[in-house]
Q: 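Okay, handing you the structure first.
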Amino acid sequence: SEKNERIKALRRQPDRQKGLLCGRMAQMAGAADGTVEERAEEDQREERKKKQEGKNMDSKETRERMRTGRLYYESGSDLGEEQAKCLELLYDFNQTRPSEDEKRQALLKEMFAEFGENCHIEPPLHANWAGKNVHFGDGVYANFNLTLVDDTDIFVGNSVMFGPNAVVCTGNHPICPEIRRKQAQYNLPVHIGDNVWVGAGAIILPGVSIGENSVIGAGSVVTKDIPANVVAVGNPCRVIRPIGEEDRKYYNHGVEIDIE
């Protein structure tokens, strides 16, 4: 009957209201999801912008970071031209003839931050900045294939000797894979004291200091500071003994020193 139909219609009304309510809630959820997605996209854009700004830091900031141990992207700076000019001088030095000692000395004094008296480097020399950040005292001798990763300062005292294929490195890279993929770098200075002997093939890593008179054995990898007046060898390089009176009397397994 008509009365029964009205009763059924009234009973169905809450279901319709419930359906409308669910529809409205779904629309609101969709809008919320859209807002979350938009915010996520905006965050990603900001992150990309920050990273790009990092890669495009100006040369002044890059120079500052190169000298203070902070991360930087050299590829994003405008230092390439300056470095290329340095490397042109390095190329000229490496092409000199053995008889052109005066020319070699003039080039080295131009290339290095400091280059003392009576220093001698056997070509070829390898250096990121051709010695621009390297400070040599007096009487330094470097045998063939010295490599200087001189992205920041390398300080070398008086009367230091480098065997062939020695490496002094100031540049380092972070472990983090994401920024390392973009060639992020940081630098730590190296200090080598007076009268140190760095053996053939030794590698001195960023931030290391070596005290005066010490000997670094051939093939060593110096990862930490070495004190003065010791013999240190190995990978990693460790102190094996102090330099004592016996070393002032004898050399080469007990052969007596007969010169002054």
Q: Begin from the C-alpha positions of Gln105 and Phe115 and carry the test side chain to side chain contact (heavy atoms under 4.5 Å, CB included) through to its verdict.
A: CA-CA 9 Å; Gln105 291 295 314; Phe115 195 77; 3.5 Å; yes
Q: Examine Tyr141 and Leu146 and state if one hydrophobic cluster contains both, with Ile, Leu, Val, Met, Phe, Trp and Tyr joined whenever side-chain heavy atoms are less than 4.5 Å apart.
A: no
Q: Please report the shortest heavy-atom distance between Phe93 and Ile121, naming the atom on each side.
A: CZ-O, 3.5 Å
Q: Could you see if Phe144 belongs to whatever hydrophobic cluster contains Leu107? Use Ile, Leu, Val, Met, Phe, Trp, Tyr and a side-chain cutoff under 4.5 Å.
A: no
Q: Given the rule in the side chain to side chain contact (heavy atoms under 4.5 Å, CB included) test, do Ile154 and Val134 qualify, once you have shown the distances and angles that lead to the verdict?
A: CA-CA 5 Å; Ile154 297 172; Val134 180; 4.3 Å; yes
Q: Could you grab the distance from atom CG of Asn187 to atom CZ of Arg70, nearest 0.5 Å is fine?
A: 13.0 Å
Q: For Gln83 and Asn128, indicate whether the former's side chain and the latter's backbone hold a donor-acceptor pair under 3.5 Å.
A: yes
Q: Do the side chain of Asn145 and the main chain of Pro164 share a donor and acceptor less than 3.5 angstrom apart?
A: no
Q: Under a 3.5 Å distance rule, please check whether Asp150 uses its side chain to pair with a backbone N or O of Trp129 as donor and acceptor.
A: yes
Q: Does the pair Arg67/Asp153 count as a salt bridge with the N-to-O cut at 4.0 Å?
A: yes
Q: Where the side chain of Thr170 meets the backbone of Pro206, is there a donor-acceptor pair that is under 3.5 Å apart?
A: no
Q: Compare every heavy atom of Lys132 with every heavy atom of Cys86, then report the nearest pair and how far apart it is.
A: SG-CD, 4.0 Å
Q: Closest heavy-atom contact between Leu71 and Ala184?
A: CD2-CB, 4.5 Å
Q: Crowded around Lys224 NZ? As in, over 12 foreign heavy atoms under 6.0 Å?
A: no
Q: Under 3.5 Å, is there a donor-acceptor pair between the side chain of Asp247 and the main chain of Gly244?
A: yes
Q: With side chains defined as the heavy atoms from C-beta onward, is the minimum distance between Ile204 and Ile216 less than 4.5 Å?
A: no
Q: Answer yes when Glu61 and Arg65 have at least one side-chain N-carboxylate O distance shorter than 4.0 Å, and no when they do not.
A: yes
Q: Check this for me: does any side-chain nitrogen of one of Glu246 and Arg241 sit under 4.0 Å from a carboxylate oxygen of the other?
A: no
Q: Take atom CD of Glu81 as the centre, draw a 6.0 Å sphere, and report whether it contains more than 12 heavy atoms from other residues, nucleotides or ligands.
A: no
Q: With a 4.5 Å heavy-atom cut-off, do Asn229 and Pro242 have their side chains touching?
A: no
Q: Starting from Leu108, can I reach Val140 by hopping between I/L/V/M/F/W/Y residues whose side chains sit under 4.5 Å apart?
A: yes
Q: With a 4.5 Å heavy-atom cut-off, do Asn133 and Thr152 have their side chains touching?
A: no
Q: Is the side chain of Glu100 donor-acceptor paired with the backbone N or O of Arg97 at a distance under 3.5 Å, no angle test?
A: yes
Q: So if you build clusters from Ile, Leu, Val, Met, Phe, Trp, Tyr with side-chain heavy-atom gaps below 4.5 Å, do Leu205 and Val149 land together?
A: no
Q: With rounding to the nearest 0.5 Å, note down the distance linking NE2 in His135 to NE2 in His191.
A: 8.5 Å
Q: Please name the pair of heavy atoms, one in Gln185 and one in Asp151, separated by the smallest distance, quoted to 0.1 Å.
A: NE2-OD2, 2.9 Å
Q: May I ask whether Val255 and Ile257 are part of the same hydrophobic cluster, defined by side-chain heavy atoms of I, L, V, M, F, W, Y residues being less than 4.5 angstrom apart, directly or through others?
A: yes
Q: May I ask you to decide if Pro123's main-chain N or O and Asn94's side chain share a donor-acceptor pair within less than 3.5 Å?
A: no
Q: Over 60° means perpendicular and under 30° means parallel, so classify the ring planes of Phe136 and Phe112, tilted if in between.
A: perpendicular
Q: May I ask you to decide if Val231's main-chain N or O and Ser214's side chain share a donor-acceptor pair within less than 3.5 Å?
A: no
Q: OH/Tyr72 to CD/Glu64 distance, rounded to the nearest 0.5 angstrom?
A: 12.5 Å
Q: Quick one: CE on Met66 to OG on Ser59, what's the gap to the nearest 0.5 Å?
A: 11.0 Å
Q: Hey, does the side chain of Asp138 reach the backbone of Gly116 with a donor-acceptor pair shorter than 3.5 angstrom?
A: no
Q: Where do Gly199 and Ala166 come nearest, in terms of heavy atoms and distance?
A: O-CB, 4.4 Å
Q: What is the minimum heavy-atom distance between Asn213 and Ile243, and which atoms define it?
A: O-CD1, 3.1 Å
Q: For the CZ atom of Arg180 and the NZ atom of Lys182, what is their distance to the nearest 0.5 Å?
A: 11.5 Å
Q: If you measure from CD1 on Ile210 to CD1 on Ile192, what distance do you get to the nearest 0.5 Å?
A: 5.0 Å
